[in-house]
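Have a look at the structure below, then the notes.
Every chain is numbered from 1 and lettered A, B, ... according to where its sequence line falls, protein lines coming before strand lines.
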Amino acid sequence: DAGITQSPRHKVTETGTPVTLRCHQTENHRYMYWYRQDPGHGLRLIHYSYGVKDTDKGEVSDGYSVSRSKTEDFLLTLESATSSQTSVYFCAIRQGEDEQYFGPGTRLTVT
Amino acid sequence: AQKVTQAQTEISVVEKEDVTLDCVYETRDTTYYLFWYKQPPSGELVFLIRRNSFDEQNEISGRYSWNFQKSTSSFNFTITASQVVDSAVYFCALRSQIQGAQKLVFGQGTRLTINP
């Protein structure tokens with residue numbers, strides 16, 4: 001257990017509305033990541049952070065923004081949700097040299 | 001470009017059979033790491049193993065074993081005497097370096113069903 005929580009765990013929202021997902025960690029890890037999981041694609045990196053206020057894009061960042069104002073929280077925002085953003089979102093931290101440990105996931109449905 | 005291919009989308013076997021999950025990767029890096037994760041029906045992702053590119057020794061952990069072969073760019077995972085609790089989606093992943101952030105590139109996953 002790497003002390004990662006995600007909120008909310010489930011959310012249904014309408015197209016065009018803003019949505020923010022929260023990832024919270026309790027162990028002061030520097031690196032944090034947001035992935036999305038879709039059938040046939042495995043997990044794909046959306047954004048990552050390498051410190052407070054230090055973030056960068058992953059491979060599927062369009063339509064998403066992130067913020068990290070303190071070490072323990074990494075927020076993922078969908079400015080205007082679309083149906084293509086219906087997915088399961090996982091937050092992860094890097095622990096040790098290489099291993100990434102994942103939070104429990106957030107299932108987001110955009111109707 | 002980094003890429004991981006898990007060609008087996010779904011596998012179904014009867015309990016106690018041995019099963020091998022295939023993973024083929026592509027990378028231009030001389031140093032890299034490979035991972036396996038398990039995602040049981042409950043949905044969480046569980047880290048199973050990390051292997052670095054300098055260590056080609058096979059690894060065994062109980063009923064699990066991993067066969068890393070650089071010559072064929074493969075990192076296969078075998079479950080011996082499978083059990084119903086092994087039913088899950090298994091992901092193979094490759095570590096890519098982005099400004100030190102160490103991005104993971106995942107395969108598409110293999111859904112393993114163990115039938116009683």
- Item | More than 12 heavy atoms of other groups within 6.0 Å of B/R50 CZ | yes
- Message: Can you confirm whether more than 12 heavy atoms, excluding those of A/E14, are under 6.0 Å from its CD atom?
- Response: no
- Is there any residue in residues 22-46 of chain B with a non-hydrogen atom under 4.5 Å from a non-hydrogen atom of chain A, and which ones are they? B/Y33, B/F35, B/Y37, B/Q39, B/G43, B/L45
- Same apolar cluster: B/L104 and A/Y31, side chain cutoff 4.5 Å: yes
- Message: Is there a continuous path of hydrophobic side-chain contacts, each under 4.5 Å between heavy atoms, that joins A/Y50 to A/Y35?
- Response: yes
- Check the hydrophobic clustering (I, L, V, M, F, W, Y; side-chain heavy atoms under 4.5 Å; chains of links allowed) and say if A/I4 and A/L75 are grouped together. no
- Side-chain heavy atoms under 4.5 angstrom apart, residues restricted to Ile, Leu, Val, Met, Phe, Trp, Tyr: same cluster for A/I93 and A/F102? yes
- Message: Please identify, among A/Q37, A/E59, A/R107, A/R44, the residue contributing the most non-hydrogen atom pairs under 4.5 Å to chain B.
- Response: A/Q37
- Message: When you group the ILVMFWY residues by side-chain heavy-atom contacts below 4.5 Å and let the links chain together, are A/V60 and A/L43 in the same group?
- Response: yes
- For residues 64-93 of chain B against chain A, heavy atoms under 4.5 Å, the residues are B/F91
- Report the distance from atom NZ of B/K103 to atom CD of A/Q100, rounding to the nearest 0.5 Å. 11.0 Å
